[in-house]
Amino acid sequence: MELGLVGLGKMGGNMRERIRRAGHTVIGYDRNADVADVHSLEELVGKLSGPRVVWVMVPAGEPTQSTIDRLAELLEPGDVVVDGGNSRWTDDERHAEELAAKGIGFVDCGVSGGVWGLENGYALMYGGDAENVAKVQPVFDALKPEGDFGSVHAGKVGAGHFAKMVHNGIEYAMMQAYAEGWELLEKVDSVENVREVFRSWQEGTVIRSWLLDLAVNALDEDEHLDALRGYAQDSGEGRWTVEAAIDNAVPLPAITASLFARFASRQEDSPQMKMIAALRNQFGGHAVEKK
C-alpha cells in the first residue's frame, strides 16, 4: 500500500525504512529537507492515491494540531489520518470529531520501540473505528514485531494513546525500581561488583527484562555512571497517567512516586537519576546531561 508519513526524526525515519522493507511505498515529509521525499504536505498528499492514509509522527500539542488542521484542508472523504505521536488521548477525541466533519477517518496509535524499533519492530496500540483501522492494517503489520504479539486494536478513538500512556507510566515505575536497587547496591561495602550482580539477574530471575538488559549495557559503557548527571526529564505521559488515576480514583503509588522522583532529580544530583537517564538513552536515544 501507499503511506504518507509526516515527521522523519529518530522514530519516524526508522519507521519509514521498516515499512519500505515490507514492500510498501512510503512518501515522507519533514521540515528537514535533507531527509524528506517531498517538500510540502501539499506535495505529499498529491502523490498518494485515494483512499489516502497519512501517518503523523510529530511532537504532541501544537505541532500535531497544526499538521492535522492542514491535512484536513488537503485530504478528501474516505482518507484516514493516523496520529502516531505521543498525543494525549483527549486530543484524539477532538481530532476525530474535526476530521469526521469532513468525512476523513482518524486512528490514534501509541508506538513503543525507540531506536531499536527498526530491527526489532514496534509495539503498537491503536484506537478507532474498525473501518479506519482496516485501511491502516498493512502498515501496522509491517511495523509490529515478528510473531503473534506486539500489536493491538485497543478500542475506540483515544484507546491507543491511553494504553501507551499507561505503558509509559509502568515504564517509569520499573526504571525507578532498578535505579533504587542499583543505588543501594553501590552504597554498601560488601557488594564489590554491582555491574555483575545486575548481569547475573538477566537469566533465571523474575525481574529479568529488556530494561534490565539495557541497564547492563549502560553499566558496561560506564560502570558507575560517573559521566552522567543525576537528572531525568519526564515526557509528559507519566504526568497524564497520574492525572488519569486521580480522575478515575485508581491508586498508583509506585508510578506516582517514580514521577515525583524525576522532579526531585532537578533539585539535586541524584544517583538514582543517573540510571534513569542512562536507561532512557539506551532504549530511546534520549539526550543525557554530562557532568
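Since this is a predicted model, take the numbers as computed values, not measurements.
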So which heavy atom on Leu5 is nearest to which on Gly12, and how close? CD2-O, 3.4 Å

Scan side-chain atoms only and decide if Ser151 and Tyr122 contain a donor-acceptor pair under the 3.5 Å cut-off. no

Any donor-acceptor pair under 3.5 Å linking the side chain of Arg262 with the backbone of Gln233? yes

Over all atoms of both residues, closest heavy-atom pair of Asp92 and Val157: O-CG1, 3.6 Å

Interatomic distance, CG@Asp141 vs CD1@Ile19, rounded to 0.5 Å, equals 11.5 Å

Arg18 side chain vs Ala142 backbone, donor-acceptor pair below 3.5 Å: yes

With distance as the sole criterion, is a donor-acceptor pair present between the side chains of His286 and Asn281 under 3.5 Å? no

So do Tyr178 and Glu183 actually touch side chain to side chain, heavy atoms under 4.5 Å? no

Testing the 3.5 Å rule here: is there a donor-acceptor pair between the side chains of Lys164 and Asn168? yes

I'd like to know if the side chain of Lys102 reaches the main chain of Gly105, judged simply by a donor and an acceptor atom lying under 3.5 Å from each other, with no hydrogens or angles considered. no

Between the side chain of Asn248 and the main-chain N/O of Val250, is any donor-acceptor distance below 3.5 Å? no

Can you check side chain to side chain contact (heavy atoms under 4.5 Å, CB included) on Leu71 and Val45, steps first, answer last? CA-CA 8 Å; Leu71 287 172; Val45 170; 4.1 Å; yes

Rounded at 0.5 Å granularity, tell me how far CD1 in Ile104 sits from CG in Asp79. 6.5 Å

For residues Ser87 and Asp91, is any side-chain donor paired with an opposing acceptor at under 3.5 Å? no

Residues that Glu98 engages under salt bridge (Lys or Arg N to Asp or Glu O under 4.0 Å), provided they are two or more places apart: Arg94

Hydrogens and angles aside, do Glu2 and His24 bring a side-chain donor and acceptor to less than 3.5 Å of each other? no

Knowing that exactly one of Gln272, Arg280, Glu180 qualifies, which makes a side chain to side chain contact (heavy atoms under 4.5 Å, CB included) with Met175? Arg280

Please walk me through it: do Thr241 and Tyr172 pass side chain to side chain donor-acceptor pair (under 3.5 Å)? CA-CA 10 Å; Thr241 305; Tyr172 273 49; over 6 Å; no

Taking the side chain from Asp108 and the backbone from Gly158, do they hold a donor-acceptor pair closer than 3.5 Å? yes

What closest approach, in Å, do Met15 and Val111 show between heavy atoms, and which atom pair accounts for it? SD-CG1, 4.5 Å

Please walk me through it: do Leu228 and Lys290 pass side chain to side chain contact (heavy atoms under 4.5 Å, CB included)? CA-CA 5 Å; Leu228 299 182; Lys290 302 291 186 179; 4.1 Å; yes

Check this for me, if you would: do Lys47 and Glu42 make a salt bridge, where the nitrogen-to-carboxylate-oxygen distance has to be below 4.0 angstrom? no

Do we see a donor-acceptor contact under 3.5 Å between the side chains of His161 and Glu237? no

Report the relative orientation of the aromatic rings in Trp116 and Trp210; use parallel for angles under 30°, tilted for 30 to 60°, perpendicular for over 60°. perpendicular

With a 4.0 Å cut-off, would you call Asp213 and Arg199 a salt bridge? no

With the side chain counted from C-beta on, respond yes when Asn193 and Glu223 share a heavy-atom pair under 4.5 Å apart, and no when they do not. yes

Check each of Val82, Val133, Val56, Val139 against Cys109 using the side chain to side chain contact (heavy atoms under 4.5 Å, CB included) test, and report the only one that passes. Val82

For His167, is there any backbone N or O sitting under 3.5 Å from a side-chain donor or acceptor partner on Glu171? no

Would you say the side-chain atoms of Lys135 pair up with the backbone N or O of Gly78, donor to acceptor, closer than 3.5 Å? yes

Over 12 foreign heavy atoms within 6.0 Å of CD, Glu196: yes

Reported CG-to-CG distance for the pair Leu3 and Leu44, which is rounded to 0.5 angstrom: 8.5 Å

The test is side chain to side chain contact (heavy atoms under 4.5 Å, CB included); show your working for Val197 and Leu185 and say whether it passes. CA-CA 9 Å; Val197 170; Leu185 288 166; 4.0 Å; yes

In terms of side-chain geometry, is the basic nitrogen of Arg52 or Glu76 positioned less than 4.0 Å from the acidic oxygen of its partner? yes

Within the distance-only criterion (no hydrogens, no angle test), does the side chain of His153 pair as donor or acceptor with the backbone N or O of Gly155 below 3.5 angstrom? yes

Donor-acceptor side-chain pairing of Asn217 and Glu221 below 3.5 angstrom: no

Apply side chain to side chain contact (heavy atoms under 4.5 Å, CB included) to Tyr29 and Asp37, showing your working. CA-CA 6 Å; Tyr29 168 69; Asp37 303 312; over 6 Å; no

Asp83 (side chain) donor-acceptor with Gly85 (main chain) under 3.5 angstrom: yes

Determine, for Glu17 against Arg20, whether the closest basic-nitrogen to carboxylate-oxygen distance falls under 4.0 angstrom. no

Side chains of Met1 and Thr25, heavy atoms from C-beta outward: is any pair under 4.5 Å? no

Salt bridge (charged side-chain N to carboxylate O under 4.0 Å, His left out) between Arg266 and Asp234: does it pass, once the steps are laid out? CA-CA 11 Å; Arg266 299 163 206 173; Asp234 66 285; 2.6 Å; yes

Looking only at heavy atoms, which two atoms of Ile27 and Leu48 are closest? And how far apart? CD1-CD2, 3.9 Å

When clusters are formed by joining ILVMFWY residues with side-chain heavy atoms under 4.5 Å apart, either directly or through shared neighbours, do Val191 and Met275 land in the same one? yes

Quick one: sort the Trp55 and Phe140 rings into parallel, tilted or perpendicular, breaks at 30° and 60°. perpendicular

I need the Trp182 CH2 to Ile276 CD1 distance, nearest 0.5 Å. 10.5 Å

Determine whether more than 12 heavy atoms belonging to other residues, nucleotides or ligands lie under 6.0 Å from atom CD of Glu73. yes

Backbone of Met273 reached by a side-chain donor or acceptor of Ser265 within 3.5 Å: no

Closest non-hydrogen atom pair between Phe106 and Asn132, with its separation: N-ND2, 3.8 Å

Measure the spacing between OG of Ser112 and CE of Met11 and express it to the nearest 0.5 Å. 7.0 Å

Minimum-distance pair of heavy atoms, taken over all atoms of Ala278 and Leu225: CB-CD2, 4.2 Å

Spacing of Asn14 atom CG and Leu8 atom CG [to the nearest 0.5 Å]: 10.5 Å

Should Glu119 and Arg21 count as an ion pair when the cut-off is N to O under 4.0 Å? yes

Are Met165 and Trp89 side-chain neighbours, meaning at least one heavy-atom pair lies under 4.5 Å? yes

